[in-house]
Amino acid sequence: MQSNSPSVHFTAKENEAASSSMTRQSYNDDRERRPLAEDQLSSYYTFSAAAALLHRPEIDPRMFASEPISLAQPHGSNPSSGLALGTFRGVILPTCEFMWSVLIFIRFGWIVGSLGVAVAWALILLCAANVAITVSSLSAIATNGIPRGNVVHMLTKSLGSGLGGAITLMYYLGLSTFTAIEVVGSTQGLLLSTNISLTGASIYWDQVLIAIASIITIVFIPPMVGKGVVLRLSMFFMVALTIAYLSLISGLVAAPSVMNYDGQVTGIRRETFAENFGPPGPEEFAWRETLVLMVPCFVGIFTGVNQAAHLKNPLVSIPLGGFSAISISMTLYLCLTGLIGACIHHKILLEDLTVVPGIAWPDPWFAKVGLYLVGQGSALHSTVIGAHVLQSLATEEIVPGLKWLGLDIESQGIPRRAITFMTLLTMPFLFFPDLDTIATVVTMIFLLCYGLTNFACFLLSVFHQPNWRPHFRYYHPLLSLAGSVLAVVLMFQIHGFVATLAILTLLLIAWSIQLQGATAWGYGIHGLLFHLVITHLTQAEREEFFQNLPKIDLSPTDHPRDSLAAHSITIGNARLSPQAGTVHVTTWRPHIVSFVPSSPSTRRGLLSIIAQLRTKSQLCVLADLVTTEEVDTAVGKRDQDGRGGKITIAGEGIKPFRRQEVLDELVVRRKTLLQRGMEEEGIQGG
């Protein structure tokens, strides 16, 4: 980007696109006047690096080097990464593994039977739209800088330690319950489809015993051994998942070659599809129950953020991988529900939860064993992610008490205490006899996470925070707000009391964290609070301006100070002064403090520059000086008009009350002139 102004410039050729996109946010209010600002600014000021470093010694001096720092790195590799994973292996594969829940095997048939194909498709599209909006907001927040942490750093940075820490803790609880729903669901599906009995007493105790054994041997022990074991197990579970889905789809296509369930499995027929296309009778229609089961099939969109430190190009992989995983999963779910509706009568779908894996080809055991392994693989993945989230909460000391428990300690890179705590927290949910109850908890927690993520993006976008420059551009604040409202509406549609309880629990956790001294509000909440402060301050200024405007003559007069020799603008931590230097774009903080000259032409030019530099969420502090010479001159003119006695040098012999009266009039007049200029330029400030 080339300009006549030395204030912001980049000489490296590869940085032109990056710098143009990043600086555009600071000037989006007055784009058509930007050349005028650059011309005027180049004649008055340049950035002084020395002044910025004087006010902020912690700033790296290399940011002000004569050779500008390359911005190619945010668009390229992540040097802190040791694994350097691509988009497919680093984001798409683990996200799909997270989304392809065991609920697909044991509940999709019941969903089609309860809603019909058309309403089931609408439900899938609704859930996909909800998470797609959240992914756009998540990508904007995560790519505002180079993503190096996990979801803990992202949420606390945007929402602050209190609210961000609370929602991260709720996300952790969601991972714990999601682990339980995978273990319980896979165990329940295996027992129902195979009629295996261990105790001979009841299927409930068989389910509990197998679930406890599974979570200890498959979910707890491997992460304690090492990352290599977890990685190899994850690949094994992914292969098992692929085989299970292929056998399931093949069985639906080849039906009823394996089993016809007394003629209830017809194969792909138009008559069966027409029968199942519309919703069933009112006594069978179950919208809320199916919504509870469908939302967990789209969780896992935070996987890309949690993997950011291991990605080659996180700025591209996080949004691309998230949208790709949603598209793949949505297509799979639409095809499965369509095939189920075209092959199986809705009566058997409502009566038998295992009819879908029971017709898998070439043998139902591929799907029966596969659904068990799918659940265990998702539980293992959820446990590992949850342990690292808990470790980050303890390391950052966001949640009081976690570090005291030693949950931040690692042994050979493995957070063993966090894994143990995660497993113990999951254990009580294994005793829940009803899978739908656990699914309700999971759904509420993740919808709450989605709603607050969208709301954080909305706040950051609307209030135009100076440090809000996301690399991902395909988002919109109104879309984020709609996603936030949609998440809350879905929560109250499922269960109003549980939704209220979840929100109150979140606020209680946030209040507890703030009470312990975590006072950082985060970019989004800071922007909201700052906007409220600006609104109240500027409202008082505007009221005073409109009160004084009809009372004062604002006709042009001669002023002894036609120019101000040494006036300057301080923009945050960088000072505009007649010195050479540069400032890096990341230090740009457009909070303007300026002494405005009283000369009308100079004042208009300077206010025009300030108007083009400001942002909507910025407070401008402008000042004008009234000198003793101006007061003496005004008093002298008044005396010559017959309203006073002779004036002497330096004000000797002037009555104090008369001098104060003249000073007050000059101050009010000068302030009103300044306010009028600010009003004309659309500047908020005082």
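The figures that follow rest on heavy atoms only: side chains count, while hydrogens, waters and symmetry mates do not.
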Query - side-chain contact (heavy atoms from CB on, under 4.5 Å) between Val208 and Leu430, intermediate numbers included - result: CA-CA 6 Å; Val208 171; Leu430 303 182; 5.6 Å; no
Requested in this report: Please report the C-alpha distance between Ile445 and Val441 in whole Å, then the side-chain angles of each, then the deciding distance to 0.1 Å, and finally whether the side-chain contact (heavy atoms from CB on, under 4.5 Å) criterion is met.
Outcome: CA-CA 6 Å; Ile445 291 176; Val441 178; 3.9 Å; yes
Report task. Determine, stepwise, if the pair Trp361 / Leu248 fulfils side-chain contact (heavy atoms from CB on, under 4.5 Å). Result -> CA-CA 7 Å; Trp361 183 89; Leu248 188 66; over 6 Å; no
Requested in this report: Apply the test side-chain contact (heavy atoms from CB on, under 4.5 Å) to residues Leu293 and Trp110: give CA-CA distance (whole Å), side-chain angles for both, the deciding distance (0.1 Å), then the verdict.
Outcome: CA-CA 10 Å; Leu293 297 172; Trp110 183 81; 3.9 Å; yes
Query - side-chain hydrogen bond (donor to acceptor under 3.5 Å, both in side chains) assessment of Ser382 paired with Thr179 - result: CA-CA 6 Å; Ser382 176; Thr179 300; 3.0 Å; yes
Report task. Please lay out, stage by stage, how Ser137 and Ser480 fare under the test side-chain hydrogen bond (donor to acceptor under 3.5 Å, both in side chains). Result -> CA-CA 6 Å; Ser137 302; Ser480 298; 2.8 Å; yes
Requested in this report: Output, in order, the C-alpha distance, side-chain angles, deciding distance and verdict of side-chain hydrogen bond (donor to acceptor under 3.5 Å, both in side chains) for Tyr450 and Ser484.
Outcome: CA-CA 7 Å; Tyr450 297 162; Ser484 182; over 6 Å; no
Requested in this report: Dump the intermediate steps for side-chain hydrogen bond (donor to acceptor under 3.5 Å, both in side chains) on Ser193 and Thr354, then the final yes or no.
Outcome: CA-CA 6 Å; Ser193 60; Thr354 62; 6.0 Å; no
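Atoms CG and CE, on Leu115 and Met294 in that order, are 8.0 Å from each other to the nearest 0.5 Å. Here Thr187 contributes atom OG1 and Gln207 contributes atom CD; the two are 6.5 Å apart, rounded to the nearest 0.5 Å. Note that CG of Asp206 is 12.0 Å distant from CD of Gln188, once rounded to the nearest 0.5 Å. Expressed to the nearest 0.5 Å, how far OG1 of Thr134 lies from CG of Leu452 amounts to 10.5 Å. Distance OG1/Thr426 to CD1/Ile215: 4.5 Å, rounded to 0.5 Å. Atoms CD1 and CG, on Ile111 and Leu123 in that order, are 6.5 Å from each other to the nearest 0.5 Å.
Looking at Thr443, its side chain does come within 3.5 Å of a backbone N or O of Val292 through a donor-acceptor pair. The backbone N or O of Phe302 lies less than 3.5 Å from a partner atom in the side chain of Asn306, making a donor-acceptor pair. Within the 3.5 Å criterion, the main-chain N or O of Gly375 finds no donor-acceptor partner in the side chain of Ser378.
The shortest distance between side-chain heavy atoms of Ile133 and Tyr475 does not fall below 4.5 Å. At a threshold of 4.5 Å between non-hydrogen side-chain atoms, the residues Phe446 and Leu175 count as touching. Counting only heavy atoms from C-beta outward, the side chains of Leu448 and Met444 never approach each other to under 4.5 Å. Here the side chains of Phe497 and Phe492 are not in contact, with every heavy-atom distance at 4.5 Å or above. Tyr172 has its side chain within reach of Leu425: a pair of non-hydrogen atoms, C-beta onward, lies under 4.5 Å apart. When side chains are defined from C-beta on, Leu481 does not count as touching Asn454, because their heavy atoms never get closer than 4.5 Å. Between Thr303 and His381, the closest side-chain pair of non-hydrogen atoms falls below 4.5 Å. At a threshold of 4.5 Å between non-hydrogen side-chain atoms, the residues Val384 and Val230 count as touching.
Minimum interatomic distance between Leu191 and Ile210 (heavy atoms only, all atoms of both residues): CD2-CD1, 3.6 Å. In terms of heavy atoms, Ser392 sits closest to Val152 at CB-CG2, 3.7 Å. Across Pro357 and Ala367, no two heavy atoms sit closer than the pair O-CB, 3.7 Å. Nearest heavy-atom pair, Leu350 versus Gly113, reported as atom, atom and distance to 0.1 Å: CD2-C, 3.5 Å. The minimum heavy-atom distance between Val229 and Pro222, with the atom names listed, is CG1-CB, 4.0 Å. Closest approach of Leu380 and Val219 over heavy atoms only: CD1-O, 3.9 Å.
Here ring pair (Phe, Tyr, Trp, His ring centres under 6.0 Å) pairs that include residues 419-444, with residues two or more places apart or in two chains, are Phe429-Phe432. Among residue pairs with one or both ends in residues 194-230, none qualify as ring pair (Phe, Tyr, Trp, His ring centres under 6.0 Å); sequence neighbours excluded.
Applying the ring pair (Phe, Tyr, Trp, His ring centres under 6.0 Å) rule to Phe366 yields no partners; only residues at least two apart in sequence or on another chain are considered. Not a single side-chain hydrogen bond (donor to acceptor under 3.5 Å, both in side chains) links Tyr333 to another residue, sequence neighbours left out. Contacts of Asp363 classified as salt bridge (Lys or Arg N to Asp or Glu O under 4.0 Å), with partners at least two apart in sequence or in another chain: none.
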Side-chain donor-acceptor pairs under 3.5 Å in residues 92-107, sequence neighbours left out?
unit_1: Thr95; atom_1: OG1; unit_2: Val91; atom_2: O; d: 2.6
unit_1: Trp100; atom_1: NE1; unit_2: Ser329; atom_2: OG; d: 3.0
unit_1: Ser101; atom_1: OG; unit_2: Leu103; atom_2: N; d: 3.1
unit_1: Ser101; atom_1: OG; unit_2: Glu182; atom_2: OE2; d: 2.5

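Open room surrounds OH on Tyr474; 12 or fewer heavy atoms of other groups in view lie less than 6.0 Å from it.
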